[in-house]
Asker: 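Quick one: the structure is below, questions incoming.
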Amino acid sequence: MERTDHTAPPDPGIGGFAYHRVPVAQAVALQVAVGGSGPPVVLLHGFPQTHLMWRHVAAELAADHTVICPDLRGYGDSDKPVDTDGSVYAKRTMAADVVALARALGHDKFALVGHDRGALVAIRAGLDHPHAVTHLASLEVVPTLDTWDVLRGTSGAAGFPLYLMAQPPGLPERMISATADEFFGHFLDLWTRDPDAIPAGVRAAYLRACRAAVPSIVADYRASAHIDVEHDTADRRSGNRLRMPVAVLQQDWGAAPDAGTAELWRTWAPDLVHRTVSCGHFMAEEAPAEVVEVVRELLAR
């Protein structure tokens with residue numbers, strides 16, 4: 001598979017990074033920004049964002065690492081295949097994309113950092129490809145199977161997008177498309193403690209990308225209520241766990257239902273460091289120095 005190189009990044013992009021379009025599966029190519037040199041680190045973005053969320057963290061890590069920042073399948077400028085059978089946006093499928101991307105760029109082994117939806121892909125990559133993923137960092141999620149137990153009862157209201165997008169195809173896509181900017185913008189506003197962390201140009205880029213990707217974003221979420229749960233359940237029953245060093249970074253939500261997730265995480269990751277931060281959900285943009293510190297500490301383990 002041959003990649004296509006671009007001399008200039010899309011606007012906006014990560015300054016100093018080269019942009020490529022890399023085939024990773026049949027009729028699927030990912031847009032990816034690559035910068036720096038040294039041991040490879042792959043950074044996977046969350047919702048409702050693109051690879052651009054890593055712009056600060058990527059620039060710092062590029063001082064001594066090859067930093068690879070793709071738009072996930074279905075997001076940003078990456079391909080958005082139609083989900084025909086419920087597996088096209090399974091985290092297993094998206095994790096295979098990441099492994100194929102790294103290999104196409106010359107890396108059989110790499111460290112992996114994911115935020116939000118990207119963290120779910122990273123976790124699945126660690127479970128399915130333990131010989132490829134050397135270190136794993138998860139920002140702001142618990143594994144898919146546990147998410148549904150954490151967001152239950154009245155506290156489940158905070159996870160309403162998960163329940164909305166878990167519904168059968170049709171209604172969620174129409175509802176979200178009818179008010180796309182308001183829907184995606186709601187989360188950019190609600191989950192950010194420092195509004196200046198996402199400047200107007202970056203926010204506009206996120207909204208443009210999401211507006212053009214409603215069916216694939218919904219399919220990604222729908223998979224997490226169905227096939228992703230099946231895969232996690234099978235791993236739990238078989239005792240499959242994350243074998244590499246793992247770092248987990250999450251907000252300090254005090255008495256919120258997932259305040260005790262360090263114990264939950266240890267059932268999946270025996271070699272675990274768990275930390276909390278005081279910023280909002282978009283920690284790579286609100287507290288990039290702290291994220292870089294955690295990643296560097298992880299890579300030194």
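Since this is a predicted model, take the numbers as computed values, not measurements. Basis for what follows: all heavy atoms, side chains included, without hydrogens, waters or symmetry-related copies.
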Asker: Looking only at atom types and distance, does a side-chain atom of Glu173 sit under 3.5 Å from a main-chain N or O of Gly170, one as donor and one as acceptor?
Answerer: yes

Asker: What's the spacing between Asp71 CG and Leu44 CG if we round to 0.5 Å?
Answerer: 10.5 Å

Asker: Quick one: are Glu140 and His115 in side-chain contact, heavy atoms under 4.5 Å?
Answerer: yes

Asker: For the atom pair CD (Glu60) and CZ (Arg55), what is the distance rounded to the nearest 0.5 Å?
Answerer: 13.5 Å

Asker: Is the shortest side-chain heavy-atom distance between Met165 and Ile176 below 4.5 Å?
Answerer: yes

Asker: How long is the gap from OG1 on Thr144 to CG on Asp232, to the nearest 0.5 Å?
Answerer: 5.0 Å

Asker: How far apart are the closest heavy atoms of Asp228 and Ala90, and which atoms are they?
Answerer: OD1-CA, 3.4 Å

Asker: Could you measure the distance from the CH2 atom of Trp268 to the CG atom of Asp235? Nearest 0.5 Å is fine.
Answerer: 5.5 Å

Asker: Compare every heavy atom of Arg301 with every heavy atom of Val273, then report the nearest pair and how far apart it is.
Answerer: CG2-NH1, 3.3 Å

Asker: Quick check for you: to the nearest 0.5 Å, what is the distance between Glu285 atom CD and Leu188 atom CG?
Answerer: 8.5 Å

Asker: Do the ring planes of Phe187 and Trp191 sit parallel (below 30°), tilted (30 to 60°) or perpendicular (above 60°)?
Answerer: tilted

Asker: Just one of Arg73, Arg103, Arg92 clears the salt bridge (charged side-chain N to carboxylate O under 4.0 Å, His left out) bar with Asp97, so which one?
Answerer: Arg73

Asker: Closer than 4.0 angstrom, basic N to acidic O: yes or no for Asp128 and Lys91?
Answerer: no

Asker: Should Arg203 and Asp189 count as an ion pair when the cut-off is N to O under 4.0 Å?
Answerer: yes

Asker: Got a second to check how far His51's NE2 is from His45's NE2, nearest 0.5 Å?
Answerer: 9.0 Å

Asker: Could you tell me which non-hydrogen atom of Leu242 sits nearest to which non-hydrogen atom of Gly126, and how far apart they are?
Answerer: CD2-C, 3.6 Å

